[in-house]
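Step one of this worksheet: look at the structure below.
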Amino acid sequence: MCPLRHFQIYVVVAFFLFPALRETQAQDELTAVPNRPTVSTTAQPVQPGVLETEWGIDAAASHQDINGLLKFGVSKNFELRFANNPLTADSGTHGFGDTALGFKFRLNQDSGPIPSVAVIYMAKAPTAGNVLGSGEVDHSFALLVSKDLGKHHFDFNLIANLLGRPQGGFDRSYLNALAWSRPIRGKWGATAELFGISSPNTFTPANAQFLAAATYTAMPRLVLDFGMSARITGNIPDATFIAGLTYSIADLYHRRH
């Protein structure tokens, strides 16, 4: 099935599914836990039993993609994660993107001077092939630190990537990201982030970017976002437009609050 057909199916499902789920929401509103629009991920998992999705678009002059993330709260501190880019376009070539599966585990919660700390592991399956992707299996290990200071929220991520090589073995790269966010007025919020990734090999230079975005909480379970990321250094697009949403679909444990 072609990538365009995949995307059409996702759009149709979303069109009919979201309104129906909104009508069947629990008495107490679910609260979304967005990981987007930043590169960094918050240490907070989704609520236990909650199935939550994130969808976004990235659009630059030479690269565009539609990216999705599905999260499920197994328990208070444990979250399963499934990520996929159903459509990726790069310099005139387009197709299905890579797929990743993994988990987040929170070690402790934000309390007093102690921040929330969590770890993530993700394994990437090379569903994009070797034209739009590397064609190899990758592994990602992340340390997440999150802290609320009044109305200000901070997320720091340190991510180690093991990137599969065609001849065997792995290249290594490291990503550092620091994000800030806070509510502005009413349902509106703002976020900014500085992030960079080291060079994995002699053919791929390091890069760094700055991101600024706005968020709008349409309802506790639905958060919209849009913004821009700009190149600081590296062989990457000068500017990328980003937009997307986070939606808590349902509480599969059917808890009564």
Does [Y] offer a backbone N or O that forms a donor-acceptor pair with the side chain of [X] under 3.5 Å?
X: Thr233; Y: Ala208; answer: no
X: Lys104; Y: Thr42; answer: yes
X: Lys71; Y: Val33; answer: yes
X: Tyr253; Y: Val74; answer: yes
X: Thr53; Y: Leu69; answer: yes

Between [atom1] of [X] and [atom2] of [Y], what distance do you get to the nearest 0.5 Å?
X: Ile249; Y: Leu51; atom1: CD1; atom2: CG; result: 4.0 Å
X: Ile197; Y: Asn176; atom1: CD1; atom2: CG; result: 9.5 Å
X: Leu87; Y: Ile66; atom1: CG; atom2: CD1; result: 4.5 Å
X: Phe103; Y: Phe78; atom1: CZ; atom2: CZ; result: 6.0 Å
X: Ser111; Y: Asp148; atom1: OG; atom2: CG; result: 11.5 Å
X: Ser198; Y: Asn161; atom1: OG; atom2: CG; result: 8.0 Å

| message | Quick one, Asp138 with Phe170, criterion side-chain contact (heavy atoms from CB on, under 4.5 Å). Give me CA distance, side-chain angles, the key distance, then yes/no. | response | CA-CA 8 Å; Asp138 299 337; Phe170 295 93; 5.6 Å; no
Any donor-acceptor N or O pair under 3.5 Å, side chains [X], [Y]:
X: Asp155; Y: Ser40; value: no
X: Asn85; Y: Asn67; value: no
X: Asp225; Y: Thr215; value: no
X: Thr31; Y: Gln47; value: no
X: Trp180; Y: His153; value: no
X: Thr204; Y: Asn201; value: yes

Nearest atoms (heavy-atom pairs only) where [X] meets [Y]:
X: Val46; Y: Gly73; answer: CG2-N, 3.2 Å
X: Ala118; Y: Ala43; answer: CB-O, 3.6 Å
X: Phe96; Y: Pro86; answer: CD1-O, 3.4 Å
X: Thr246; Y: Pro34; answer: OG1-CB, 3.5 Å
X: Phe72; Y: Gly49; answer: CE1-O, 3.4 Å
X: Phe141; Y: Leu162; answer: CE1-CD1, 3.9 Å

| query | Given Thr99 and Phe82, is the side-chain contact (heavy atoms from CB on, under 4.5 Å) satisfied, shown in steps? | reply | CA-CA 8 Å; Thr99 301; Phe82 174 80; 3.4 Å; yes
Close side-chain approach of [X] and [Y], heavy atoms under 4.5 Å:
X: Glu193; Y: Thr191; answer: no
X: Pro115; Y: Ser146; answer: no
X: Leu211; Y: Phe195; answer: yes
X: Thr217; Y: Met219; answer: no
X: Asp251; Y: Leu30; answer: yes
X: Arg81; Y: Thr41; answer: yes
X: Ser199; Y: Pro205; answer: no
X: Lys76; Y: Arg106; answer: yes

| Are more than 12 heavy atoms from other residues, nucleotides or ligands located less than 6.0 Å from atom CZ of Arg172? |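 For Arg172, atom CZ is not crowded (no more than 12 foreign heavy atoms under 6.0 Å).
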Mind checking whether [X] and [Y] sit in one hydrophobic cluster, side chains of I, L, V, M, F, W, Y counted as touching below 4.5 Å?
X: Leu144; Y: Met122; value: yes
X: Val119; Y: Leu80; value: yes
X: Val39; Y: Ile159; value: yes
X: Leu222; Y: Leu252; value: yes
X: Leu101; Y: Ile120; value: no

| Any salt bridge between Lys124 and Glu136, counting N to O under 4.0 Å? | no
| message | Less than 4.0 angstrom from a charged side-chain N to a carboxylate O is my criterion; do Glu54 and Arg36 meet it? | response |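 Salt bridge flag = no for Arg36 with Glu54.
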| request: Determine, stepwise, if the pair Leu163 / Ser134 fulfils side-chain contact (heavy atoms from CB on, under 4.5 Å). | output: CA-CA 9 Å; Leu163 309 175; Ser134 67; over 6 Å; no
| note | Partner of His63 under side-chain contact (heavy atoms from CB on, under 4.5 Å), picked from Thr240, Thr88, Ile236, is Thr88
| field | side-chain contact (heavy atoms from CB on, under 4.5 Å) between Ile114 and Asn108, worked out | value | CA-CA 9 Å; Ile114 306 301; Asn108 64 271; 3.5 Å; yes
| message | Over 60° means perpendicular and under 30° means parallel, so tell me whether Tyr216 and Trp188 are parallel, tilted or perpendicular. | response | tilted
| task | Would you please test Gln109 and Ser116 for side-chain hydrogen bond (donor to acceptor under 3.5 Å, both in side chains) and show each step? | result | CA-CA 4 Å; Gln109 288 185 257; Ser116 289; over 6 Å; no
